[in-house]
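Residue numbers start from 1 in every chain, and the chains themselves are labelled A, B, ... in the order their sequence lines are given, proteins ahead of strands.
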Amino acid sequence: MENGIGLWGVPLAIFAGAIRVSTPFIFVSLGETITERSGRINLGLEGTLVFGAMTAYAVAVLTGSPTLGVLAAMAAGAVFGLIHGWICKFPKVNDIAIGIAMMQFGLGMAFFLGKPFIQPVAPKLPSIPLGGWSSTPQVQAALNINVLFFIGAALALFLFWAFKNTRLGLILRVVGDSTDAARAMGINPDRVRLLATAVGGSLAAIGGAYLSLYYPGSWNEGISSGQGLMAVALVIFARWNPIGCFLAALLFGGAGALGPALQSVGVTQGYYLFYAAPYVLTLIILIMTSSPTRSLAGAPGALSLTK
Amino acid sequence: MTVEANDPGLSIAAGNGASLRPLLEWLARRAEPVAIGLVAILIGLALFSIFILVIGKSPVTLFQLMYTGGFGSWFSIQNSLSRAAPLLLTALCVALPARLGLVIIGGEGAVVLGGVAAAAAAMPFVGVVAPIVLFVFMGIAAMVIGGLWIGLAGFLRHYRGVNETISSLLLAYIAIALMNQFVEGPLRDPASLNKPSTKPLPADYMMGDIPGMDVHWGLVIGVIACIVSWVLIEVTSYGFAARIAGGNVRAAQIQGLPVGRLIVGFTAIAGGFAGLAGMIEVAAVQGSANASLAAGYGYTGILVAFLARHNPLAIIPVAVLLGGIDASGGLIQRRMGLPDATVLVLQGTLFIVILFCETFYGRFKIFNPDLWKRN
């Protein structure tokens, strides 16, 4: 069990797990941040994520290229976002309820179309071995980091900068804070929200592609364990700040890696309780950061979630 | 979530029976959700047919099989009714909080914990008390645990401002983990090897079927729960207060209504019903608590409640309809070679279209009661 590094294996496994497990959270939460910054909430990202996982896997199996798989997943995710955004622009339509419906629809479609792809094996996404300096295999494995993790980190930095410093970022924030102010400025809020939801969906689908093409790296109906939903809570915790999303995703990844890490050193009691750790953590964080009397700091003004 | 202020009793009484107008007014008001709902289902079925055509199968055959599998024979009707039973209760878990403006989607958690609680409560009493007493114990245990679970989401919503949609879903994931922990740990029957389960109830302690039918008593319990919920919402002052709070929380608070207690109370009752669905699953279907409790009843219940527009009486036919669609899944799979997820695709499509059609409310003059007043 211990292979020479003893209990140091636990923090190392949690560190490696944090990086490995966090990548889908990074993409889904960044996508949701963009959508929510425009004043709309898409609760259906869980469905988009699973559909993205299926699309990426299927395209990778058919073409042999995981990159094409990721691109196809992005396109599919954008379509899901467009459907959500288009329906929500009609009056009296509840964006939270539509999100739940889109979640069920996305899961159903993914399971339906993905049935033939459970057996075949798809090529995996490449990773960068950064652990060459170490002779310990565990360290090498831990530092074998997927390309998408770095892309996600860069994207978080870019979005943080872009929200503040670009014209598009400003338009997005105006629409999210006040529909009326945006209209007064001659911006069409529905169109901005439509595009923001499409971009959000496409990023969530990358998170799904990572699940099926890298870790755990297979397609089946239980591929997601609620990452798409936890990401929505994570965005609230991160106060709609992209860098906050990145850090929160790492924290969640670490919590998710806790169970397997302890199991690897022989702790088998209460395995399922450790498995629940990310959900418990999310809930505790939500309880700590919410307040019944004031709206959340940093929340987009037009967001129905926090009203 | 809107609250409809429709009270047939009032409008009929006002007409003194002399004029048709109040009746027409009432009809206009009542016809709107039925007409829009039916149109939504037709659009949903049409979109689903296009999907089936695109993948090269015949939608006509599919709908015929769906009818045969769901309602074509006495056998399939009984099958559909059995599947509708838990849906009645899990739909109430969505519909009751919805009248207060809350979107609770974690009923699945209350179902699985209710099942575990019922199985645990039964253990010391099997062979000691009469079956009917045992069912009461099991039901109480399941309702208390389910009520606490969903009530917690309501509590967090009101007193901590935590979004109840997300918290209830997180609680559902936690509940499933807890169930696995209990069923594989302290409550495991050593005899259950492949599928960890609690000790099964002996045959004479199973709930059994309604006389003359192959449908278990859960259906009756579910229907009663729907009627009780309807009375609670439409007749009692608690329901009236809840509808006011659902329409406008600020107004309700200014009126001095106990919004916090209403929210916690309604979510707890809702969770109690979902917990009862878990108890029925244990006492009438599985005989023990195991991973089969997480069969998705909580999630289908969301669709049932939204289709029924959170009206407890409308939940009954909608649950039977969806139970029938569910029951036909196996037949579609065998005869047409379509995956079992076909039913999920249809449900998702219907769900989206029905929510989309909310936008048509108030758009058509024919449904405006004022039109009939003026004539």
Does any heavy atom of chain B fall under 4.5 Å from the side chain of A:I83, the backbone, both, or neither of them?
-> neither
Is there a donor-acceptor pair closer than 3.5 Å between any side-chain N or O of B:T359 and the backbone N or O of A:F90?
-> no
Residue of the set B:I166, B:L169, B:N163 for which side-chain contact (heavy atoms from CB on, under 4.5 Å) holds with A:V232 = B:I166
Please step through side chain to side chain contact (heavy atoms under 4.5 Å, CB included) for the pair A:F105 and B:T349, ending with a clear verdict.
-> CA-CA 6 Å; A:F105 178 71; B:T349 314; 3.5 Å; yes
Gap separating the OH atom of B:Y159 from the CD1 atom of A:I287, nearest 0.5 angstrom | 15.0 Å
Let me know if B:L338 has heavy atoms under 4.5 Å from chain A in its side chain, its backbone, both or neither.
-> side chain
Sub-4.5 Å side-chain heavy-atom contact between A:N94 and B:L355 | no
Here the gap from B:L178 atom CG to A:Y275 atom OH, rounded to the nearest 0.5 Å, amounts to 13.0 Å
Just give me the residue among A:I100, A:L229, A:V93 that pairs up with chain B most often, heavy atom to heavy atom, under 4.5 Å.
-> A:I100
What closest approach, in Å, do A:M102 and B:I352 show between heavy atoms, and which atom pair accounts for it?
-> SD-CD1, 3.4 Å
So which residues of residues 276-286 of chain A are in contact with chain B at a heavy-atom cut-off of under 4.5 Å?
-> A:A276, A:Y279, A:V280, A:T282, A:L283, A:L286
Does B:R160 reach the main-chain N or O of A:S291 with its side chain, forming a donor-acceptor pair under 3.5 Å?
-> no
Approximate separation, where rounding is to 0.5 Å, of B:L346 CG and A:F112 CZ = 11.0 Å
Residues from residues 44-56 of chain B approaching chain A under 4.5 Å (heavy atoms) | B:F51, B:I55
Are the side chain of A:K92 and the backbone of B:Y361 linked by a donor-acceptor contact shorter than 3.5 Å?
-> yes
Check whether B:L171 gets within reach of chain A through its side chain, its backbone, both or neither, counting any heavy atom under 4.5 Å.
-> side chain
Under 4.5 Å heavy-atom distance to chain A, tell me which part of B:L170 shows up: side chain, backbone, both or neither.
-> both
Just by modelled atom types, is the B:Y299 backbone N or O under 3.5 Å from a matching donor or acceptor in the A:Q104 side chain?
-> yes
Would you mind reporting whether B:R363 and A:P91 have side-chain heavy atoms less than 4.5 Å apart?
-> yes
Is the count of non-hydrogen atoms from other residues, nucleotides or ligands lying under 6.0 Å from A:F117 atom CZ greater than 12?
-> yes
